[in-house]
Every structure is written in C-alpha cells, then in structure tokens.
Amino acid sequence: MRLHVESALKEYKDRFSKYYDELKWLYCELYENQQDMFESLCFYMYEFYKDRKTSLKKLDRQREKTPDWYKGNQMLGMMMYVDAFAENLKGVKDRLDYIAECNVNYIHLMPLLDSPEGRSDGGYAVSDFRKVKPELGSMEDLAQLAEDCHSRGMSICLDFVMNHTSEDHEWARRARNGEKEYQDRYYFYDNYDVPAEFEKTVPEVFPTTAPGNFTWLPKLGKFVMTTFYPYQWDLNYWNPVVFNEMVCNMLNLVNKGVDIIRIDAVPYIWKQLGTDCRNLPQVHTIVRILRMICEIVCPGVLLLGEVVMAPDKVVPYFGSVEKPECHMLYNVTTMATTWNTVATRDIRLLRAQMDIVNRLPKEYVFLNYLRCHDDIGWGLDYLWLMQFGIGEVSHKKYLNDFLTGQYPGSFARGELYNSDPVSGDARLCGTTASLCGIEKALYEKNRQDLEKAIKLDLMLHAYMLTQSGIPVIYSGDEIGQENDYSYHRIPGKKDDSRYLHRGCFCWKLAEKRKDIGSVQQRLFDGIKKLEDIKADHSVFDSAADVWTIDTWDCSVLGVVRKNGNEKLVALFNFSEFDKTAWINEDDGEYTEMITLQKMLAKGVDIPAYGVYWLLKVEEMEGKGQ
C-alpha cells in the first residue's frame with residue numbers, strides 16, 4: 001500500500017513539475033500579488049488527484065501513452081438531451097446498447113446540472129455545479145453511467161458553463177443579500193456610468209430577446225452584468241476566488257468520470273472596459289491554465305472549446321503546438337455553410353472554407369456536425385460572397401425564406417429564431433430531416449420528393465464523415481426525426497423556437513429502423529454503412545492529406561483524401577439534377593465504396609443529391625521483392 005502511495009505521489013510530482021513554472025507564471029501574471037491564491041489552487045489540484053478513482057487514473061495513464069487516442073478515424077459522437085433521449089441518466093445507461101448500435105463511442109450529454117425551471121436557457125444557467133437536476137438523477141448516477149461507458153470504450157462529454165451562473169446560484173443569492181464578498185464574484189455597479197461605457201463597445205448577443213449587457217436589480221439598487229440573459233450573471237474572473245472555485249467545480253466533474261469538458265461560451269470569459277469583451281488575451285491564458293491543470297490532475301481528459309465565431313477567431317483556441325489550449329473545437333462555419341450550399345446548390349463558398357481548414361496543422365481536431373441543439377447562424381464570409389454580387393441582407397433573407405419553406409419550390413421546413421424585424425436578421429431552427437425535405441414529402445405523400453430528401457440527407461452525412469475530425473450526430477438524425485411543433489403549446493418553451501429540434505426521442509420511430517424500406521431503416525442503415533466504411537479505411541484518418549478539386553460544376557463538390565497507399569476521391573452533388581463531375585484523376589480504376597461499383601475517376605456522372613466515395617489502393621513500393 002505504501003509503495004502504491006509513493007508511486008502515485010511521484011506520478012503527480014512528475015506531472016506537476018513539468019508544468020509548474022509556466023502555471024505559476026501565467027497565474028501570477030493574471031492575478032498579481034496573489035501567491036496565496038496560487039498555492040491554494042495547487043493544494044486543491046492535489047486533493048482532486050488523490051480523490052480520483054483508481055480506474056480513472058488507469059485510464060489517464062493509458063491515454064498519456066497514446067495522446068492521439070481521440071484522433072484518427074474511429075471516433076464518432078452523438079449529442080443528446082438526457083430527458084429527451086431516455087428521461088434520466090439511468091435511462092441513458094439502459095439505452096447504451098442502442099448507442100453502440102449507432103457506432104457511437106463519444107456521448108455528449110447536454111447540460112444536466114441543477115438549474116431553475118423556466119430560467120435556465122436549456123440548462124446553461126447553472127444554480128449548483130455539484131448537483132445534477134433531480135429529475136435527471138444524481139452525481140452518483142452520472143459516475144455510474146461513465147463507468148459503464150468506459151467498460152464499452154465510450155467517452156462522455158459534458159458542458160461546463162464558465163462564463164456565468166444562474167441568478168439562483170448560492171453566490172448570486174448571497175450577493176443579492178448584500179454580501180460584498182459575493183458581489184465581487186460578479187460585475188456589480190451602483191449606477192449606470194460604467195455599464196454605459198461597456199455598452200459603447202460590447203455587442204449584444206440577443207438584441208431582440210435580451211437587449212443590453214446589464215440588468216437592473218431594483219431591490220438591491222445595482223446593475224449586474226448579464227451578457228446572455230438577465231437570469232445569467234456573468235462571473236468576474238478578475239477575482240482569483242472565482243477562478244479557483246470554478247476549477248474545483250470542473251475537477252469535481254472529471255472525477256465523476258467525464259472525459260471531455262465542453263467549455264461553454266469560452267470567448268466571453270474575460271471582461272475589460274473599452275473592448276468588445278470577446279477573445280481577449282486573458283481568455284487564452286485561462287484556457288491554457290485549464291489545459292495544464294488537466295494534464296497534471298487528469299491527463300486523460302480533453303477540453304472542447306465552444307467558439308461560435310469566424311475561423312480566424314476560432315483557430316487561436318487550439319493554442320500552439322508547444323503551448324496547446326483546447327484539444328478540440330467546433331467546426332461551426334462549415335455547418336452553416338453546408339446549409340447555405342443546400343439552399344443555393346452552389347458549393348463555391350463551401351469549397352473555399354474547406355481549403356482554409358485543410359491548410360491548418362493536422363494536430364488541430366474539429367468536431368463536425370450537420371445539426372446540433374442550437375440554431376443555425378448565418379455567419380458566412382460575405383466579403384468573399386460579394387465578388388459574385390451577393391449582398392449580406394438579401395442573402396440572409398433568401399436563406400431563411402428557403403429553409404423555412406417560404407421560397408417557391410422549397411422543400412425545407414424550419415423556423416426562425418431571434419428574428420429582428422428591423423435588420424431582417426434571423427437564425428434558423430429545424431432537424432436535419434425536416435430541413436432536407438423528409439417532413440414535407442411525408443406530409444404530402446410524395447414518393448418522388450421523399451426519395452430525393454432521403455438521398456440529400458444521406459449525402460450530407462457522407463459529406464460530414466468525409467471531413468477531417470470527429471463527426472457528431474444529433475440524436476434523432478439517424479432515424480430521420482422531424483420537427484417537434486408541440487413546443488408551441490408548452491409554457492417556458494413556446495417563445496424559443498430552438499425547441500423545434502429539441503423534441504423527445506421517438507423510440508417507436510426508432511423501432512422502424514428494422515422495417516426494410518422504411519425511411520428510418522434506409523437512413524439508419526445508410527448512415528451506419530458510411531460510418532463502417534470510414535472506420536475501416538485509414539484514408540479517413542486525421543493524418544491524411546486533404547484537398548478539393550475542380551469539378552467544373554458549381555453544384556458538385558470534389559474532395560480528395562490521401563493517406564499511405566489509400567486515395568479517396570469523394571464527390572457530392574448538391575443539386576436536384578443529375579450532373580457530371582468533370583474531374584480527371586487519370587490513374588486507373590477506382591472502387592466506389594458504397595456500391596462496390598468499379599469506375600474511373602474522370603468524367604463521372606453523378607445522380608441528383610448523389611455521393612460517390614471512390615477509393616484506389618496503390619501498390620506499395622517494393623511489394624513482392
């Protein structure tokens with residue numbers, strides 16, 4: 001026993017000493033003259049390390065030996081709301097067989113920590129970081145689910161809301177009661193002078209539903225900073241107490257078995273007067289510190305940054321190869337541009353953005369997805385589009401009209417979110433199936449349109465799986481779940497159209513995946529086949545070289561991946577018409593992996609909404625000699 005303790009102590013000391021100098025330097029740069037707070041942080045780090053389960057420490061060591069364990073072509077994610085998917089955490093545990101059937105080995109559980117009913121923004125206003133919502137279960141249930149997932153080779157991702165707390169959090173309640181120590185954990189002001197200065201430079205996140213960045217508290221006679229909603233009070237990271245205690249909250253979660261910490265709204269964490277309070281240098285310092293803390297206490301844990309911004313703002317959150325920050329980031333721009341391509345049948349912007357991503361270091365890992373819990377924001381590259389005479393305001397109106405079914409001939413069925421009647425700006429909601437036309441075709445009983453919609457859905461999933469990084473499916477997309485309009489009748493939800501695609505998982509619909517010829521069977525088996533192909537071929541590995549090629553048709557995207565002796569030519573037709581991809585990869589015969597058809601990679605005829613994965617395996621030099 002003593003030898004075991006001494007070995008563990010040495011393990012911790014080795015990790016700690018590796019990062020100590022940089023950790024101290026950055027912390028003391030952020031918090032001058034706060035040596036005592038740094039020592040307090042170090043004390044808690046060691047305490048959480050000691051409390052970490054033996055099984056989790058073993059997993060840490062395995063992942064330390066293979067630091068690229070989450071890269072490659074094997075990872076496949078699924079994101080879900082616990083209550084919508086299986087009522088509670090025990091229900092998710094009971095449904096692990098289904099999740100495994102989906103080939104999923106990375107489960108993103110949407111916010112499940114305690115938050116007030118009706119004032120939580122979908123769980124993003126946390127009132128207790130150490131407690132699961134009672135209706136979902138307990139911290140013990142979370143730990144048990146994580147243990148069962150680990151036994152199956154699955155990882156769990158959980159949101160960690162760092163930027164703010166609920167107004168019902170203990171700190172907020174004590175601040176409202178006048179305790180100065182707790183008011184100092186937020187941004188409180190006696191009058192509007194300082195808030196007015198902030199408002200000059202800080203953009204509004206939700207100008208229509210939550211205008212301004214401050215909320216007046218009449219009983220207290222003070223303003224408090226609330227960047228997102230009035231019930232979400234921004235935490236003051238100028239105060240080292242806030243940082244230290246939030247680190248402890250994070251480490252408590254990872255000690256329950258959480259493998260991936262999704263840092264919510266990370267660009268907003270640091271506030272400074274005279275700036276836009278976005279992406280400030282101190283944010284990167286904080287993320288780098290979090291990365292080092294994880295490397296010391298729980299090196300098997302990954303940091304996923306939620307940075308919903310343009311690529312030039314996103315990429316810096318990877319840090320550098322020498323001083324990394326986040327392990328993974330969301331490929332938000334590509335998701336939005338994919339739906340732009342669906343609506344326009346024009347792949348040029350999508351190709352241009354793929355070229356940017358493909359030029360980034362291969363160490364950078366993006367999470368790729370078609371849909372998620374949130375809306376689709378049209379943060380496209382309008383300067384680039386301007387060369388084709390495409391204006392931002394008119395283009396956004398077209399996209400929203402098309403994808404809500406208002407445009408003549410549209411097949412999509414979505415709804416707008418945060419629509420601003422003055423600027424005409426709005427975001428879009430809807431499930432993948434409804435946006436692809438499956439809902440409309442089924443409602444109208446139009447078999448021809450249904451066939452096109454299913455093909456489009458499968459083609460988009462194939463495109464997602466072709467991108468480098470980790471593909472993530474939104475729960476329900478694998479069975480073609482449609483929009484849930486019942487939210488219109490539910491108080492607390494009816495004013496938030498994002499609940500259109502946050503409906504309960506339909507298990508009766510999932511059973512139809514076994515009915516040959518059903519929409520559910522065709523989608524489920526079709527997506528699963530694509531996933532199996534991806535997992536079996538190294539050409540989909542993140543180490544592959546990737547580039548786009550001309551097809552001489554603006555509706556057809558051509559992507560080439562090459563790794564070792566495998567070469568893939570992937571073609572995607574975003575048009576409802578049969579097309580010809582005028583490519584000329586004149587190097588012999590390829591095998592189309594989905595159909596096993598033999599074909600040449602030149603002058604390829606591709607059907608409406610079709611996808612081809614053309615594979616060529618080259619002979620290795622020296623083989624047989």
Side-chain angles (χ1 to χ4, degrees), residues 331 333-356 368-371 376-382 384-414 428 430-441 444 446 448-467 548-559 569-583 603-613:
N331 195 350
T333 304
T334 298
M335 184 274 292
T337 310
T338 299
W339 290 105
N340 169 76
T341 309
V342 169
T344 62
R345 291 86 156 173
D346 189 329
I347 60 92
R348 287 176 293 181
L349 177 60
L350 187 62
R351 181 186 177 188
Q353 292 187 335
M354 279 199 76
D355 289 341
I356 293 172
N368 304 305
Y369 55 103
L370 295 177
R371 289 298 298 117
I376 302 172
W378 300 120
L380 307 177
D381 189 343
Y382 293 101
W384 193 91
L385 288 170
M386 198 178 295
Q387 66 182 302
F388 305 107
I390 297 174
E392 180 174 351
V393 174
S394 59
H395 190 61
K396 285 181 177 178
K397 177 171 174 30
Y398 167 73
L399 293 175
N400 285 323
D401 284 351
F402 184 91
L403 291 165
T404 56
Q406 304 303 307
Y407 196 83
S410 168
F411 49 75
R413 291 294 179 266
L428 183 82
T431 67
T432 296
S434 291
L435 294 179
C436 283
I438 289 175
E439 177 185 327
K440 177 178 182 291
E444 296 177 353
N446 188 318
Q448 187 176 1
D449 285 353
L450 180 61
E451 190 69 21
K452 287 183 179 180
I454 292 172
K455 286 183 178 179
L456 174 58
D457 194 310
L458 288 171
M459 185 271 286
L460 292 178
H461 277 91
Y463 170 63
M464 175 185 70
L465 291 163
T466 304
Q467 298 171 59
T548 63
I549 55 174
D550 286 323
T551 64
W552 306 103
D553 189 305
C554 289
S555 296
V556 182
L557 178 68
V559 181
V569 178
L571 299 171
F572 308 92
N573 184 356
F574 280 83
S575 164
E576 67 270 38
F577 303 108
D578 296 346
K579 296 280 187 174
T580 299
W582 295 108
I583 62 173
V604 180
D605 294 328
I606 183 167
Y609 297 130
V611 55
Y612 285 154
W613 274 353

Taking every non-hydrogen atom, the tightest pair across [X] and [Y]:
X	Y	answer
G377	A336	O-CB, 3.5 Å
A570	W613	CB-CD1, 3.7 Å
K440	D449	NZ-OD2, 4.3 Å
G405	S410	CA-OG, 3.6 Å
L571	G558	CD2-CA, 3.9 Å
T431	R371	C-CG, 4.4 Å

Would you say the side-chain atoms of [X] pair up with the backbone N or O of [Y], donor to acceptor, closer than 3.5 Å?
X	Y	answer
R345	A343	yes
T334	N331	no
R348	C554	no
N573	P607	yes
T337	T333	yes
T551	V556	yes
Q387	W384	yes

Heavy-atom distance under 4.5 Å between the side chains of [X] and [Y], does that happen here?
X	Y	answer
D550	I583	no
L460	W339	yes
L399	L428	no
I347	T548	no
T338	Y463	yes
F388	D346	no
I454	L458	yes
H461	V611	no

Gap between atom [atom2] of [Y] and atom [atom1] of [X] - 0.5 Å precision:
X	Y	atom1	atom2	answer
L403	L435	CG	CG	6.0 Å
L349	I390	CG	CD1	8.5 Å
E439	E444	CD	CD	10.0 Å
S575	L456	OG	CG	10.5 Å
T341	R351	OG1	CZ	13.0 Å
D578	I606	CG	CD1	9.5 Å

Kindly assign one of parallel, tilted or perpendicular to the pair F411 and F402, based on the angle between their ring planes and the thresholds 30° and 60°.
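Correct class here is perpendicular.
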
Sorted by chain and residue number, the side chain to side chain contact (heavy atoms under 4.5 Å, CB included) partners of K396 (sequence neighbours excluded) come out as W378, Y382, E392, D425

Tell me if the centroids of the rings in F577 and Y609 come within less than 6.0 Å of each other.
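Judged by ring-centre distance (under 6.0 Å), F577 and Y609 do not meet the cut-off.
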
Candidates L350, D553, T344 - the one meeting side-chain contact (heavy atoms from CB on, under 4.5 Å) with F574
L350

